[in-house]
Peer 1: 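First, the structure itself, so that you have it in front of you.
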Amino acid sequence: MTNDIPPTPPPPPPADAAATPFPWEDRTRIGVGRGFLESVRDLLAAPTAAFARMRERGDYASPLLFALIVSILGVVISQFWMLVLGPSSFFLPIPGDMREEIFAGAALGTAGVALQLVIGPILALLGLLIGTAIVHLFLLLFGGLKESPSGFEGSFRTLGYSSVSQLAGVVPFVGWLLALIWGVILQVIGLARLHRTTPGRALAAVVAPLLLCCVCIVLFAATVIGLIAGAAASGR
Amino acid sequence: MSAREPDPSARQLAALWGGAALALLALAPFGERLAAALPACPLHAVTGLPCPGCGTTRAALALAAGDPVAAFAANPLAALGWVAAIGGGLAALALVALRRPLPALPGWPARWRWPLALALAADWAYLIGREIATG
């Protein structure tokens, strides 16, 4: 078998980050609130430009602080929907008993929400570090670190800022799915840019652990394909 | 591995790693309650087979309870990872606190790829085999 497909060229070098810095990394000048909101806007509307404007190294604090704020907002949003709509606020294409098993511990109640708001930032820090380590490991496995100028910090910055996708939870029922898709897109763009690797390698590093550890994606895809196939068959 | 004065990123990462290790140790007494709030593994719920990460939480809880044998039985690679994460984090924090130069860690040589992949595969095979054996 020959490999005739030319590799996707790595993304171009970043724009002059100092000229138009990423808003969150310019928060001391423009203010924390404005920096956060403009960063969320940029990561939603123009993620490639947003990652091109951010620093590559020397600042673990900015993505960490950003991720901690997002995690607190994410807890508030998800628990709001959980309290209002219950586990049905998460649309999952699986039988009800499996849904109950998966979400058995998810509804925390008022005291649980308060506790989660207290320890949430600690868990977010741990989750960010562990998640970064996993993605970085898979990047190594897929050869995505050969030209990396930013090393572990590049992965940390990408995952920290990509956590903004949790805010998609404001959409009930399918918010988790939107967050998943948005998060994957952001991570692929960020990893490709900060590690000077191809989007294909970045995608493999992001999706492989998801596929290995979250078969729900596969099930969802299978369900969608099945529905489409079923609709096509019945339409014949 | 040579000792040298690291760039600011390395010192920040060391402090962050150390803080995370301390956080893990501080949360250890509450591990059982925190674990109860975690969603179950979707792969296990659907197929009955473990995913490569299954047993990671149990390994952490066993280590917190001072039972390394049970931790390694739950998931050998995860148990090793927890030990490395906490031990390395405490060592990094100590070096930062003592203002000692951080060691220059080796990079990620390409020759590590296949051993890492094999380790992941072997660990997952062990988990599946144990699940089948124990029913």
Peer 1: Before you tell me yes or no, could you show the steps for Val164(A) and Ser39(A) under side-chain contact (heavy atoms from CB on, under 4.5 Å), namely the whole-Å CA-CA distance, both residues' side-chain angles and the distance that decides it to 0.1 Å?
Peer 2: CA-CA 9 Å; Val164(A) 70; Ser39(A) 297; over 6 Å; no

Peer 1: Measure from the side-chain N and O atoms of Arg193(A) to the backbone N and O of Met54(A), and report whether any donor-acceptor pair falls under 3.5 Å.
Peer 2: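 Here the side-chain-to-backbone pair exists.
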
Peer 1: For Ile130(A), is it the side chain, the backbone, both, or neither that has a heavy atom closer than 4.5 Å to a heavy atom of chain B?
Peer 2: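 Side chain only.
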
Peer 1: Verify side-chain contact (heavy atoms from CB on, under 4.5 Å) between His44(B) and Cys51(B), making sure each step is shown before the conclusion.
Peer 2: CA-CA 7 Å; His44(B) 194 266; Cys51(B) 80; over 6 Å; no

Peer 1: Just by distance, with hydrogens left out, do Arg27(A) and Ser62(A) show a side-chain donor and acceptor under 3.5 Å apart?
Peer 2: yes

Peer 1: Measure distances from Ala133(A) to the heavy atoms of chain B and classify the residue's part below 4.5 Å as side chain, backbone, both or neither.
Peer 2: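 Neither; nothing under 4.5 Å.
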
Peer 1: With only heavy atoms counted, which part of Trp114(B) is less than 4.5 Å from chain A, the side chain, the backbone, both or neither?
Peer 2: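 Contact with chain A: none, neither part.
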
Peer 1: Please state whether the side chain, the backbone, both or neither of Leu141(A) comes within less than 4.5 Å of a heavy atom of chain B.
Peer 2: both

